[in-house]
Amino acid sequence: MAESNPLREPLLDWYGTHARDLPWRRADATPWGVLVSEIMLQQTPVARVLPVWAQWLARWPAPRDLAAEPPGEAVRAWGRLGYPRRALNLHACARAITADHGGEVPADHDTLRALPGIGEYTAAAVASFAFGGRHAVLDTNVRRVLARAVRGEEYPPKATTAAERALATRLLPTVDASTWGVAVMELGALVCTARAPRCADCPIAALCRWRLAGRPPHDGPARKGQAYAGTDRQCRGRLLAVLRGSHDPVPKAALDAVWSDPVQRERALDGLVHDGLAEALTDGTYRLPLAVVSE
DNA sequence: CATTCGTGGCG
DNA sequence: TCGCCAAGAAT
């Protein structure tokens, strides 16, 4: 049976001429470089990842290089990328890869999926982009493109559905599936964006059900915006920034100074320690972790 | 399935 | 200005 995916050719043609030159996509990028990029790109824009990725790969060119460091160094080098537990996940990945996989990033999807911080998307992305595996790569970009082009709706469902997975799998080419995946992602990132889609520049506009229907707006309830100011997350961010800025243990007073509410501050600090992002020393000072927290 | 988890830029 | 959103995962 011949493949029935009319989106494929125009999309691949477009990708061939419009793809960004990102370092983790180049021919000399290693699987480790791809893995690091995918973790960093979780909920974080490309522009902010670029400089940190370059620093990480220069300092830790292979998993065993990072594995040799204490986890706190990964947290420090993470800088202000956000969601710093991803730095711990990457460090834990490096140690697991070194200890259990001979220092080489595994190519198998399920093996990748079992590593810390690697969920369905990231496992598929690394298996596909680093090793050329045939996997449906369902990120927020792909979900939005398929929702519009195929389902005719402005936005995909809040949580990924079985129908979305089935659709993405059905569209997957038998040959060079990884290029198809990255091309759909790129279209979602550059043209079929969440807020102001540039349909005039879209290579599949003529086939897009949403555009053909007159771009009907999303009808359901609005998305639940994420508050930040005054939250525990902001408090944790402030506290961790203090720890990142010092190579020596910092006195408790230095942490108290960055958040006024003592109840919330203690809760946030305990949370950081519990998550393995900070260590409390016996003299009452705190620092980035030298050891991995046990459960 | 709903929450939690950072940060910053842009429309 | 400020709400929305950015290559998600874990619980």
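A, B, ... follow the sequence lines: proteins, then strands. Residue 1 opens every chain.
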### Task
Starting from C1' on C/dA6, measure out to OH on A/Tyr83 and report it in whole angstrom.
10 Å
### Query
Looking just at side-chain N and O atoms, do A/Asn141 and A/Arg144 make a donor-acceptor pair shorter than 3.5 Å?
yes
### Task
Please work out whether the ring planes of A/Trp14 and A/His18 are parallel, tilted or perpendicular, with thresholds of 30° and 60°.
parallel
### Phosphate OP1/OP2 of B/dG11 contacted by A/Arg198 side-chain N/O (<4.0 Å)
no
### Query
In terms of heavy-atom contacts, does CD of A/Glu104 have more than 12 from other residues, nucleotides or ligands at under 6.0 Å?
no
### Task
Side chain of A/Pro45 only, please: which of C/dA6, B/dC5, C/dA7 is the nearest?
C/dA6
### Message
Starting the side chain at C-beta, find the nucleotide from C/dA7, C/dC5, B/dG8 nearest to A/Tyr155.
### Response
C/dC5
### Message
Heavy atoms only, 4.0 Å cut-off, all strands: where does A/Trp78 land among base, sugar-phosphate and nothing?
### Response
nothing
### Summary
Separation of B/dG9 atom P from A/Gln43 atom CD, nearest Å, is 17 Å
### Query
So what does A/Gly82 touch, heavy atoms closer than 4.0 Å: a base, only the sugar-phosphate, or nothing?
base
### Task
Look at all strands and tell whether A/Thr122 reaches a base, only sugar-phosphate, or nothing, counting heavy atoms closer than 4.0 Å.
sugar-phosphate
### Query
Hey, which of these two, A/Pro84 or A/Ala159, hits DNA chain B nearer its 5' end, going by closest nucleotide?
A/Ala159
### Task
Pick base, sugar-phosphate or nothing for A/Gln226, based on heavy-atom distances below 4.0 Å to the nucleic acid.
base
#### Entry: Salt-bridge present (A/Glu153, A/Arg148; N to O < 4.0 Å)
no
### Message
Taking the C1' atom in each of B/dC1 and C/dA9, what is the distance between them to the nearest angstrom?
### Response
15 Å
### Query
Would A/Asp201 and A/Arg198 satisfy salt bridge (Lys or Arg N to Asp or Glu O under 4.0 Å), going step by step from the backbone distance to the final call?
CA-CA 6 Å; A/Asp201 300 322; A/Arg198 306 174 54 186; 2.6 Å; yes
### Message
Categorize A/Leu272 for me: base, sugar-phosphate, or nothing, with a 4.0 angstrom heavy-atom threshold over every strand shown.
### Response
nothing
### Query
Please give, in whole Å, the distance from C/dA9 P to A/Arg85 CZ?
14 Å
### Message
So for atom CZ, which belongs to A/Arg151, do other residues, nucleotides or ligands contribute more than 12 heavy atoms lying within a distance under 6.0 Å?
### Response
no
### Query
Could you state the CZ-P distance from A/Arg143 to C/dA6, rounded to the nearest angstrom?
11 Å
### Query
Under 4.0 angstrom, heavy atoms only, what part of the nucleic acid is A/Ala194 near: base, sugar-phosphate, or nothing?
sugar-phosphate
### Query
Quick one: does A/Arg48 reach the base of B/dT7 with a side-chain donor-acceptor pair under 3.5 Å?
yes
### For atom CG of A/Asn89 and atom P of B/dG6, their distance in whole Å
12 Å
### Task
Determine the Euclidean distance between corresponding P atoms of C/dC4 and B/dT3; express it in Å to zero decimal places.
16 Å
### Query
When rounded to the nearest Å, what value does the distance between P atoms of B/dT4 and C/dA7 take?
23 Å
### Summary
When rounded to whole Å, the CG to P distance for the pair A/Asp275 and C/dA10 reads 13 Å
### Query
A/Ile39 near the nucleic acid: base, sugar-phosphate alone, or nothing, with a heavy-atom cut-off under 4.0 Å?
nothing
#### Entry: Along DNA chain C (nearest heavy atom to each residue), the more 5'-positioned of A/Gln42 and A/Arg195
A/Arg195
#### Entry: A/Arg80 vs B/dG8: side-chain N/O to OP1/OP2 distance below 4.0 Å
yes
#### Entry: N/O donor-acceptor pair, side chain A/Thr140 with base C/dG8, under 3.5 angstrom
no
### Query
Can you find a pair of side-chain heavy atoms, one from A/Thr140 and one from A/Tyr121, that are under 4.5 Å apart?
no
### Task
Find the distance A/Tyr121:OH to C/dA6:P and express it as a whole number of Å.
13 Å
### Task
Remember a base hit wins even if backbone is also touched, and classify A/Arg113 as base, sugar-phosphate or nothing at under 4.0 Å, heavy atoms.
sugar-phosphate
### Nearest-angstrom distance from the residue atom CD of A/Glu154 to C1' of C/dC5
13 Å
